[in-house]
Amino acid sequence: MVGGVEQEFDAAKELLTCMGANVVYCGEVGTGQAAKICNNMLLAIGMIGTAETMNLGIRLGLDPKLLAKILNMSSGRCWSSDTYNPVPGVMEGVPSANNYQGGFGTTLMAKDLGLAQDSATNTKTPTPLGSLSHQIYRIMCAKGYAQKDFSSVFQFLREEENL
């Protein structure tokens, strides 16, 4: 997600593809960051929703692998459920399978959500779910999850229910 002068983007595109497979020109300077914070805000909201849903299903007696399978063939399917499931034991090769090590850190998610909230305030855009997500990730950082992957929100919610 790149913003700037289009001719300069075109000149740098080949180099940028070394950093990622999807390189998208977004418009003037700042629009690349705008796209990134919007994407990450949706990612945070989706991850929290997936974590809450999986937690509820488990508490209702559903096997987490079965629930994930059902979600992923139904209208609730999203990246957080089918590619990066936050429940340990549901998927291999994701941070939840490795005590939430690696991946995209909770601190970075809280930072991006803060940028999104600043932008929402500046543009007078209501983002109640984005705001709540920001608060959840800030609390997680304060409670020892700062260095864990952002999908550790599942573990955070499981621990919070026991208080």
Side-chain angles (χ1 to χ4, degrees), residues 1-3 17 19-27 31-121 123 125-141 143 145-161:
M1 296 165 263
V2 182
T17 59
M19 297 171 62
N22 298 317
V23 178
V24 179
Y25 178 70
C26 297
T31 56
Q33 181 178 359
K36 179 183 184 291
I37 63 175
C38 288
N39 181 72
N40 283 358
M41 184 173 78
L42 179 58
L43 178 60
I45 293 166
M47 182 57 76
I48 293 167
T50 299
E52 287 183 349
T53 298
M54 294 297 294
N55 188 26
L56 177 61
I58 291 166
R59 290 193 65 158
L60 291 171
L62 291 168
D63 174 77
K65 286 184 179 181
L66 175 63
L67 179 55
K69 179 181 176 181
I70 291 166
L71 294 174
N72 293 333
M73 64 173 65
S74 304
S75 57
R77 187 195 64 76
C78 65
W79 185 86
S80 295
S81 68
D82 75 359
T83 303
Y84 210 80
N85 197 287
V87 180
V90 171
M91 298 181 81
E92 294 298 319
V94 296
S96 65
N98 189 31
N99 196 30
Y100 301 102
Q101 299 304 305
F104 187 67
T106 297
T107 300
L108 291 173
M109 182 57 84
K111 177 209 44 110
D112 281 357
L113 289 167
L115 293 171
Q117 289 308 292
D118 290 345
S119 296
T121 298
T123 60
T125 305
T127 57
L129 294 178
S131 178
L132 183 56
S133 297
H134 185 217
Q135 293 306 312
I136 289 169
Y137 280 103
R138 287 180 59 205
I139 292 168
M140 287 175 65
C141 287
K143 291 199 169 194
Y145 291 83
Q147 301 306 312
K148 292 189 175 218
D149 179 72
F150 81 106
S151 65
S152 64
V153 67
F154 174 78
Q155 185 180 49
F156 169 75
L157 293 171
R158 296 282 288 182
E159 290 177 5
E160 288 298 301
E161 73 187 17

Discussion item. Would you say Q147 and T106 are linked by a side-chain donor-acceptor pair, where the criterion is simply a distance under 3.5 Å?
Written reply: no
Practice prompt. With the side chain counted from C-beta on, respond yes when P95 and Y84 share a heavy-atom pair under 4.5 Å apart, and no when they do not.
Written response: yes
Practice prompt. State, yes or no, whether a side-chain contact exists between E52 and L56 at a heavy-atom distance under 4.5 Å.
Written response: no
Item to complete: Run the numbers on D149 and Q101 for side-chain contact (heavy atoms from CB on, under 4.5 Å), then give the verdict.
Response: CA-CA 6 Å; D149 179 72; Q101 299 304 305; over 6 Å; no
Response to the item:
Looking only at heavy atoms, the pair that brings V23 and V2 closest together is CG1-CG2, 4.3 Å
Worksheet entry | Nearest-0.5 Å distance that lies between atom CD in Q155 and atom CE in M140 | 8.0 Å
Worksheet item: Between L113 and G130, which heavy-atom pair has the shortest distance, and what is it?
Response: CD2-O, 4.4 Å
Discussion item. Let's go through S151 and Y100 carefully: what are the C-alpha distance in whole Å and the side-chain angles of both, what is the deciding distance for side-chain contact (heavy atoms from CB on, under 4.5 Å) to 0.1 Å, and is it a yes or a no?
Written reply: CA-CA 7 Å; S151 65; Y100 301 102; 3.4 Å; yes
Worksheet entry | Heavy-atom check, side chain of V87 versus side chain of S96, under 4.5 Å | no
Worksheet item: How about F150 and F156: are their ring centres within less than 6.0 Å of each other?
Response: no
Worksheet entry | Minimum side-chain heavy-atom gap M41-S133 below 4.5 Å | no
Discussion item. Between L43 and M109, is the side-chain contact (heavy atoms from CB on, under 4.5 Å) condition met? List the steps.
Written reply: CA-CA 9 Å; L43 178 60; M109 182 57 84; 3.9 Å; yes
Worksheet item: Say you draw a straight line from CD1 of I45 to CG of L132; how long is it, rounded to the nearest 0.5 Å?
Response: 9.0 Å
Item to complete: Locate the shortest heavy-atom distance separating T127 from A120; write the atom from each residue and the value.
Response: OG1-CB, 3.6 Å
Response to the item:
Output for pair (T53 OG1, I48 CD1), nearest 0.5 Å, gives 11.5 Å
Worksheet entry | Straight-line distance of C78 SG to L42 CG, nearest 0.5 Å | 8.5 Å
Worksheet item: How would you list, by chain and number, every residue that makes a side-chain hydrogen bond (donor to acceptor under 3.5 Å, both in side chains) with S152, sequence neighbours excluded?
Response: none
Item to complete: Evaluate the side-chain proximity of Y137 to Y145: yes if any heavy-atom separation is below 4.5 Å, no if none is.
Response: no
Worksheet item: So how far is it from S81 OG to K69 NZ, rounded to the nearest 0.5 Å?
Response: 14.5 Å
Item to complete: Determine whether N99 and K148 make a side-chain contact, defined as any pair of heavy atoms from C-beta on separated by less than 4.5 Å.
Response: yes
Practice prompt. Output the distance between atom CD (Q117) and atom OG (S131), rounded to the nearest 0.5 Å.
Written response: 4.5 Å
Worksheet, complete the sentence: Heavy-atom nearest pair, S80 first then P86, reads O-CD, 3.5 Å
Practice prompt. List the steps and the verdict of side-chain contact (heavy atoms from CB on, under 4.5 Å) for F154 and I58.
Written response: CA-CA 12 Å; F154 174 78; I58 291 166; 3.9 Å; yes
Discussion item. What I want to check is whether the side chains of T123 and T125 have a donor and an acceptor closer together than 3.5 Å.
Written reply: yes
Worksheet item: Would you say the side chain of L62 lies within less than 4.5 Å of the side chain of M54, judging by non-hydrogen atoms?
Response: no
Discussion item. Could you check whether D112 and N40, counting side-chain N and O atoms only, form a donor-acceptor pair closer than 3.5 Å?
Written reply: yes
Worksheet, complete the sentence: Closest non-hydrogen atoms of M47 and V153, given as atom of the first, atom of the second and distance, are CG-CG1, 3.8 Å
Practice prompt. For the residue pair L115 and Q33, establish whether any side-chain heavy-atom pair is separated by less than 4.5 Å.
Written response: yes
Practice prompt. With S74 as reference, evaluate N72, L71, I70 under the side chain to side chain contact (heavy atoms under 4.5 Å, CB included) test and give the passing residue.
Written response: I70
